[in-house]
Protein chains: 2
Amino acid sequence: MNDAQPKPRSRIQQENRRRILDAALDMFSQHGYRGTTLDQIAEAAGLSKPNILYYFGGKEEIHVTLLNNLMRTWLAPLERLAPEGEPLEELLGYIRRKLQMSRDFPRESRLFANEILQGAPRMGPHLESGLRPLFDAKCRLIADWVAAGRIAPVDPGHLIVSIWATTQHYADFEAQLAVLMPERDALWRGAEAHLEAMFAKLLTP
Amino acid sequence: MNDAQPKPRSRIQQENRRRILDAALDMFSQHGYRGTTLDQIAEAAGLSKPNILYYFGGKEEIHVTLLNNLMRTWLAPLERLAPEGEPLEELLGYIRRKLQMSRDFPRESRLFANEILQGAPRMGPHLESGLRPLFDAKCRLIADWVAAGRIAPVDPGHLIVSIWATTQHYADFEAQLAVLMPERDALWRGAEAHLEAMFAKLLTP
DNA sequence: TCGTGAGTTTACCAAATGGTAAAAAAGCGG
DNA sequence: CCGCTTTTTTACCATTTGGTAAACTCACGA
């Protein structure tokens, strides 16, 4: 229904679009949508403002593009939660992947958090069409595991929400954690150990 | 060093300041600092913009006032975590109080989340001077409980962080949860049951 | 090497925004 | 009811911001 056009982008187009999106991700994730100006993005990208508007239709189009890109990488870890493996290992693996994403892609995590915090004004449909089916499917998978007695009884939905909450928190609230637990390396190691232990204990039948 | 002045505010001053702060809390928690305009606050408060600037020195002063007020109510639940009681009951009580705050004061939770997400530009000092000592003290308390074998071994810092993450998530990511778990009443009941069960299992020796 | 289209810059603009000055209106103690 | 203070409104302003028009430069294939 929309831009599934080919996209025969020249070398320079690709490079400049990438720079703009990278700069915009920096800004939007730190200052939110309205807190970010085109001039900031332009300066961070090393381009002039009109030049940026040559590559994107406007501020909102940049933001939406980022959100669309985000959705894919964001769903990936959950998609890999598969019925074939050992349930406990599958879930702990998911937790590990999710925590890794918080550490390696904190900007993406904050962009998402900002968008949701503000009521998901530009993402509502995506949640409904992209996230929800996946969430429901994985809830069913977990419910099956519970029914089969392969993991301890647990509300699948709230389990997934707990995993999101705990893992994303380390990216989204980094500014707070930097004050409370200043040793960065120890923080991530401690986080992984704690979350694995916590969810293992919760899920072991 | 600053406004610890008496504050002999007239009836009308108190009322109007309250209305402004309430309206500003609505706006700031939903749109962030830069995403909120004085005109929005004015309209929501039912006052004219210059009138608002009669009560507050400027936009930033309103925001800082809200943040200061927030700090007090925000620390209260953790302060009540006391060494006298049964450790497990104390911690579960804390979790219950924290979740209740997410349900009853989602605006405050989101205001806080917004501020931290953006790097705590107007709250950094408060975290250091207000939150950190409390956090450290409660970590020591929990460590003592662990050392005494009264709760299962757990990293106190990460335990507290997990409690924050899971409880606040229900307020901060409400827009997302509204899509995934539309039945509002069931959501809060399920959240309480799930979190109590999860942390009880984690902490029971 | 020259023409042409892709890419970039300069010079703007209208609207929005935080904030101010000063006059007007309300309150209110006497 | 008066006079003085508090509160509110009207009329502005300078800056910022998203965006545009059009001129200009550059790459590159014929």
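Note on naming: letters A, B, ... go to the chains in the order of the sequence lines (proteins, then strands), and numbering restarts at 1 for each one. Because only heavy atoms are used, hydrogens play no part in the values below, and waters and symmetry mates are left out as well, while side chains stay in.
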Between A/Lys49 and A/Asp39, does at least one N-O distance fall below 4.0 Å, as a salt bridge requires? yes
Hey, which sits more toward the 5' end of DNA chain D by its nearest nucleotide, A/Lys59 or B/Leu47? B/Leu47
Is it the case that the ring center of A/Trp164 lies less than 6.0 angstrom away from the ring center of A/Tyr94? no
Less than 4.0 angstrom between a side-chain N/O of A/Asn16 and OP1 or OP2 of C/dA6, yes or no? no
Considering just the side-chain nitrogens and oxygens of A/Tyr55, establish if one lies under 4.0 Å of OP1 or OP2 belonging to C/dA6. no
Nucleotide nearest B/Thr37 when distance is taken to its side chain, options D/dT20, C/dT17, D/dT7: C/dT17
Quick check for you: to the nearest 0.5 Å, what is the distance between B/Leu159 atom CG and B/Trp145 atom CH2? 10.0 Å
Should B/Tyr54 be listed as having a side-chain N or O under 4.0 Å from OP1 or OP2 of D/dT8? no
Round to a whole Å and report the spacing from NE2 of B/His31 to P of C/dA16. 16 Å
Which listed nucleotide (C/dG19, C/dG18, D/dT7) is nearest to the side chain of B/Leu53? C/dG19
Whole angstrom is fine here: how far is it from CD in B/Glu61 over to C1' in C/dG18? 14 Å
Can a side chain N or O of A/Arg34 be found less than 4.0 Å away from OP1 or OP2 on C/dA16? no
In whole angstrom, give the distance that lies between atom CD of A/Glu60 and atom C1' of D/dT17. 15 Å
Nearest whole angstrom, please: distance from the P of D/dG18 to the CZ of A/Phe56. 16 Å
Closer than 4.0 angstrom, basic N to acidic O: yes or no for B/Lys138 and B/Glu79? no
Nearest-angstrom distance from the residue atom CZ of A/Arg17 to P of C/dG7: 12 Å
Please write out the pairs of protein N or O atoms and N or O atoms of nucleotides 10-15 of chain C separated by less than 3.5 Å, giving the distance to one decimal.
none

Length of the CD1-P vector between A/Ile52 and C/dG7, whole Å: 15 Å
Find the distance A/Ile41:CD1 to D/dT17:P and express it as a whole number of Å. 12 Å
Rounded off to whole Å, could you give me the CE-to-C1' distance for the B/Met27 and C/dT17 pair? 16 Å
With a 4.0 Å limit, can you tell me whether B/Gln13 has a side-chain N or O closer than that to the phosphate oxygens OP1/OP2 of D/dT6? no
With a 4.0 Å cut-off on N to O distance, would you call A/Arg96 and A/Glu89 a salt bridge? yes
DNA chain C: B/Leu38 or A/Asn51, which has the more 5' nearest nucleotide? A/Asn51
Between B/Arg132 and B/Asp136, does at least one N-O distance fall below 4.0 Å, as a salt bridge requires? yes
Carefully, step by step, assess A/Tyr170 and B/His158 under the rule ring-ring contact (aromatic ring centres under 6.0 Å, His included). CA-CA 10 Å; A/Tyr170 286 97; B/His158 288 281; 5.7 Å; yes
